[in-house]
Amino acid sequence: MSTTTSTPHVGETHAEHEHHEPGLIGRYIFSKDHKVIGVQFLFTGLIFLILGGLLALAVRWRIAWPTSEVPLFGKMLDDAGTVTGSEYAVLFTMHASVMIFFVIIPILVGTFGNFVIPLHIGARDMAFPFLNGLSYWMMPLAGIIILFGFFVEGGAAAAGWTSYPPLSVIASNGQTCWCISLILVGTSSIMGSVNYITTIIKMRAPGMTLHRMSLTVWSIFITSILVLFGTPVLTSALILQILDRHAGTTFFSHDGQPLLYQHLFWFYSHPAVYIMILPAMGVVSDVLSVFARKPIFGYRAMAYSMVGISGLGYIVWGHHMFQSGMNPALGTTFMISTMLIALPSAVKTFNWLGTLWGGNIQFTTPMLNALAFVSMFVIGGLSGIFMAATPVDIHIHDTYFIVGHIHYVLFGGSLFGVFAGVAFWFPKMFGRMLNETLGKIHFIGTFITFNCTFFPMHIVGAAGMPRRYAAYAVEQGTTNTWAHLQPYNEFMTYSALALGAFQILLFVNIFWSIFAGKKAPRNPWNANTLEWTLPSPPVHGNFFPIPEVYRGPYEYSSPLVAEDYLPQSRKLDPEAEEKERRMEAEGH
Amino acid sequence: MAFNMERLRAASIAILMLAIPASRLFAQAGEPAPRAGAAVALAPSGAAAIPLMPEIISTYGASVDWLFYLILGITLFMMILVFALFLLFVVKYRHQEGRRAKFVHGNTRLEWIWTSATAAVLLWLVFEQRDTWNEIKQKDLATFENPYVVRVFAEQFGWHFLYPGPDGKFEPSDEKDIFPGINPLGLKDPKADKYSSVLMVPENVPVICELISLGKYDQESGKSTLPVLHSFFQPNLRFKQDLVPFHPAKIWFQILPGTLRSQDNGERKFEIACAELCGLGHYTMRADLQVLSEEKLKAGIGYDWKTAKGKF
């Protein structure tokens, strides 16, 4: 291993004089250190992952066995211990809200954004450390408020995670908790994104040009722009909804415009889908390159396709509203833009394939999860084309086909991206290695049970089985079209239970390894980016001195050096340097 | 209608056009060409093997299914291609001690080709679906000469269907006149129109429905709850449309001739379901769509709809 950055020596810079050792609370609770805040986001997200997962299992239990008692948690439900139809609406609403706003966004954007950005661009911390801490502390507060909904009269929000009015306007008090909570989460996201954008623009180390940034940093940069322009729109829609609920206004209800809310909601929430997938794409690109021991294929196409996704991402929201009563002529417009947005995603997939081609692939836990991301994203991306086609969407809209699609993107995509990223940066976060065997068992179990849980959803969805139904066989509908699909539903529930059980391994691995894992060296993966030149974990302030950056992050298997990696901050001898400059000019 | 062999052939040719340059390029790059031909042959047959798309009973249903299977063919083909390459690369380029990965940063020409090929297929899909969408959702309903008309009312959690009666006109209604069971829609003269909790329609005649979302009226307090969103969904029709409160919408469909089979005895039932979350009892909001022969329809609604010439 060779590093040119020196070990920290205290008192070298002005910043160092300002820095004084905080106490235990200052260091681990109200910390302003970006690394600690990243880990805080991670743990908060993992706690909510348990909660969101249990809610999902209760949802699946009800679909498979509507009249059987729920094991272990039955006491928390009604007297008989079964999930009632109205509890079911609460369960799927809270499952989606928790997973989207308290698991995926905080972990992908909060954890990886905070932990990785300064380390990858060679900065000592975020541009606004206090704002960063504030952004984190908004999140648990918002979490408490949304969960408080369970204890208010009428129960927690039950109008779906989309919360369309007028239903949400007449819904129980939990809906107000839901709105306030989301406004806080949104504010947290906005504060985070301002910080990320400023840090990336202003605080890059010398030599770290935009085109030498890792794709993780690029992805969070673009995600932050999406957050910054999208979230205020959702926030305003939520404020209007609260006014409709409590102040007697009629923005979305009475003779107001229910569709206006849908437009405002999806103007944020479609970009939010990209907020939930772009950082995972960035993380996975980095992981693939490191473990294929090969430069990323088409670096600029990778970065610019994300720019393309963010631009197009703002003009496709109407595809959620094809059947909403919106002017059908607009349907055609949104269909065209939606078809176009498939293009950058396809480009990225081909480039990931190109990265694997000719590599020397190491199957570590982060790599396996990254490979799962690519293959599952292919299914999730391709199934999106069905609903982009307006006539096909007429049939599959609001059916399980959509539920299958979204889970292939958000679990098969985002969550495998999270697993890959956590396994990849774990040594740098905690100074310990994760257990590889446990990691691999968790991966294989998750991969198989995930597919068994979500793939059949496409099949029952094509049969027209509607989502958000607490039962498919009821007395009112004499034909009960979907009752014969019950064996599928039971199979999916068995798989979901197994999927949930495998996540226990994830938590065991993380918490066992933090205390008893193998000590991590500086650069366990022989990776190029700047964080791997630092001790694991890096000290507060990271770089002493700030490193000089000579090249992009993906120079693996370069002919200039004997090892198969070439760190961004390593200075080559003059002859090799000349060669490198020539290669760069040739477009390498 | 749109489902014929020529289109299927055009689809296969387009898929081949996509596959051949890709396979050649990988052959150039020193890799074995993927067996594109086999994948193309597999895609349509694999698509037809899925048994779960429900029976079609509307005139436009076949063109929706055509698009579904077309997209299924293309996406299955792409999935097989990508997964084949993926597995090939992962196995062939697995880590071996002492081997060095290729030091390649990209290939501009390859990237341009796969980008434009994907764009071409996506654009083709854009044009392929436009007519079907316009036929289903943008049709000028005034062009139907003697359509069968029904008003569809949705409330939490049930459906009501109103037929114009022998005079062909719908009665005015007022929520204050609502009496559940007797006059559930609050019609001025409940006897002038035909009310039913079943949607009864004839075969092979354009049916126009007006979709209206109702609040629930409480006679004691004299107040009604806010009407909410619902969605009229009938999978066999391949049709779905949300009901937006205060913004009634008109939709149309036509039952395929032959939907009534000889064993059906002149009547056949399908399920209408609400597809937009409308409250805690959303899943119970179902109704029957009944396709009836002329005689049974006359008996069902109590008058001859052809002479009544119903209008909104």
Side-chain angles (χ1 to χ4, degrees), chain A residues 85-86 89 160 164 166-167 170 253 255 258-259 293-295 297-298 301 323-325 328 336 339 342-343 346-347 350 353 356-362 375 378 382 385-386 389-392 394-395 397-398 459 462-464 466 468-471 474 476-479 481 557-559 564 588, chain B residues 52-54 64 67-68 71 75 78-79 82 85-86 89-90 93-95 99-106 111 114-115 118-119 122 125-126 129-130 132-133 136-138 226 228-229 235 238-242 244-247 249 269-271 273 275-280 282-284 286 288:
Chain A
S86 36
Y164 283 174
L167 181 65
I170 57 175
S253 52
D255 46 359
L259 288 190
R293 311 309 295 163
K294 210 179 146 249
F297 198 89
Q323 320 310 333
S324 70
I336 295 170
M339 284 285 170
L343 194 56
V347 167
F350 292 136
L353 272 185
L356 294 177
W357 168 73
N360 194 16
I361 302 167
Q362 299 166 338
S375 55
V378 167
L382 288 173
I385 296 177
F386 288 83
T390 44
V392 179
I394 297 174
H395 181 60
H397 180 78
D398 267 325
I459 298 169
R468 294 171 171 170
Y469 266 37
V474 291
Q476 286 95 324
T478 49
T479 41
T481 312
S557 301
S558 165
D564 64 355
H588 256 301
Chain B
L52 287 162
M53 286 291 269
V64 172
L67 268 169
F68 182 88
I71 295 172
T75 50
M78 284 310 294
M79 195 179 97
V82 170
L85 290 172
F86 185 85
F89 294 167
V90 164
Y93 299 112
R94 67 190 179 279
H95 180 74
R99 198 161 60 84
R100 218 174 160 86
K102 291 179 163 66
F103 188 63
V104 178
H105 286 78
E111 288 174 50
W114 69 42
T115 309
T118 314
L122 291 171
L125 282 177
V126 165
Q129 62 185 281
R130 212 182 34 176
T132 309
W133 174 252
I136 301 174
K137 294 272 178 150
Q138 298 237 72
L226 215 48
V228 299
L229 296 169
R238 304 287 189 273
F239 187 80
K240 187 179 285 131
Q241 176 67 54
D242 286 8
V244 185
F246 313 106
H247 299 271
K269 272 187 201 167
F270 300 92
E271 189 166 31
E276 183 65 62
L277 182 63
C278 60
L280 303 178
H282 167 56
Y283 65 104
T284 61
R286 326 267 184 106
D288 280 341

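In what follows, chains carry the letters A, B, and so on, assigned in the order in which the sequence lines appear, proteins first and then strands, with residues in each chain numbered from 1.
Of the possible polar contacts, none joining the B/Gln129 side chain to the A/Pro391 backbone as a donor-acceptor pair under 3.5 Å is found. B/Lys240 contributes no side-chain N or O that, together with a main-chain N or O of A/Gln323, makes up a donor-acceptor pair within less than 3.5 Å.
Only the side chain of B/Phe246 comes within less than 4.5 Å of a heavy atom in chain A; its backbone stays farther off. Of the two parts of A/Leu356, the backbone and the side chain both hold a non-hydrogen atom closer than 4.5 Å to a non-hydrogen atom of chain B. If you measure heavy-atom distances from B/Val244 to chain A, the contacts under 4.5 Å come from the side chain alone. Of the two parts of B/Ile136, only the side chain, counted from C-beta on, holds a non-hydrogen atom closer than 4.5 Å to a non-hydrogen atom of chain A.
In terms of non-hydrogen atom pairs under 4.5 Å with chain A, the most contact-rich of B/Ala249, B/Ala101, B/Gly106, B/Ala119 is B/Ala101. When B/Gln241, B/Met79, B/Gln138 are compared by the number of non-hydrogen pairs under 4.5 Å with chain A, B/Gln138 comes out ahead. Counting heavy-atom pairs closer than 4.5 Å to chain B, the top-ranked of the candidates A/Pro466, A/Ala89, A/Ser375 is A/Ser375. Interface check for chain A: of the options B/Leu67, B/Leu226, B/Val64, the most heavy-atom pairs under 4.5 Å are formed by B/Leu226. Between chain B and the residues A/Pro166, A/Gly85, A/Pro328, the largest count of heavy-atom pairs under 4.5 Å involves A/Pro328. Interface check for chain B: of the options A/Ser253, A/Ser324, A/Pro559, A/Ala301, the most heavy-atom pairs under 4.5 Å are formed by A/Ser324. For chain B, the option among A/Ala389, A/Gly359, A/Ala346, A/Pro258 with the highest count of heavy-atom pairs below 4.5 Å is A/Gly359. Counting heavy-atom pairs under 4.5 Å between each of A/Gly160, A/Ala342, A/Ala471 and chain B puts A/Ala471 at the top.
No side-chain heavy atom of A/Arg293 sits under 4.5 Å from any side-chain heavy atom of B/Arg100. B/Tyr93 is not listed as a side-chain neighbour of A/Lys294, based on a closest heavy-atom distance of 4.5 Å or more. Residues A/Phe386 and B/Thr75 form a side-chain contact, since some pair of their non-hydrogen atoms from C-beta on lies under 4.5 Å apart. Contact check for A/Val392 versus B/Thr132: no side-chain heavy atoms found under the 4.5 Å cut-off.
Contact detail for B/Phe239 and A/Ile394: the closest heavy-atom pair is CA-CG2, 3.6 Å. Between A/Asn360 and B/Arg94, the shortest heavy-atom distance links the atoms OD1-O, 3.7 Å.
In this structure, CZ in B/Arg130 is found 8.0 Å from CD1 in A/Ile336, a value given to the nearest 0.5 Å. For the atom pair CZ (B/Arg286) and OG1 (A/Thr481), the distance works out to 7.5 Å, reported to the nearest 0.5 Å. For the atom pair A/Trp357 CH2 and B/Leu85 CG, the distance stands at 12.0 Å (nearest 0.5 Å). Atoms NE2 and OG, from B/His105 and A/Ser558 in turn, are 7.5 Å apart once rounded to the nearest 0.5 Å.
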| message | Set out, in order, the CA-CA distance, both residues' side-chain angles and the distance that settles side chain to side chain contact (heavy atoms under 4.5 Å, CB included) for B/His95 and A/Ile361, then state yes or no. | response | CA-CA 5 Å; B/His95 180 74; A/Ile361 302 167; 5.8 Å; no

| said: Using side chain to side chain contact (heavy atoms under 4.5 Å, CB included), reason through B/Thr118 and A/Phe350 one step at a time and then give a plain yes or no. | reply: CA-CA 11 Å; B/Thr118 314; A/Phe350 292 136; 3.6 Å; yes

| query | Under the side chain to side chain contact (heavy atoms under 4.5 Å, CB included) criterion, do B/Leu122 and A/Ile385 qualify, and how do the steps go? | reply | CA-CA 9 Å; B/Leu122 291 171; A/Ile385 296 177; 4.3 Å; yes

| message | One pair to check against side chain to side chain contact (heavy atoms under 4.5 Å, CB included): B/Glu276 and A/Asp398. What are the steps and the verdict? | response | CA-CA 7 Å; B/Glu276 183 65 62; A/Asp398 267 325; 3.4 Å; yes

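By the ring-ring contact (aromatic ring centres under 6.0 Å, His included) test, A/His395 is found to be paired with no residue, residues two or more places apart in sequence or in another chain being considered.
Between A/Tyr469 and B/His282, the two ring planes are perpendicular [angle over 60°; tilted spans 30° to 60°].
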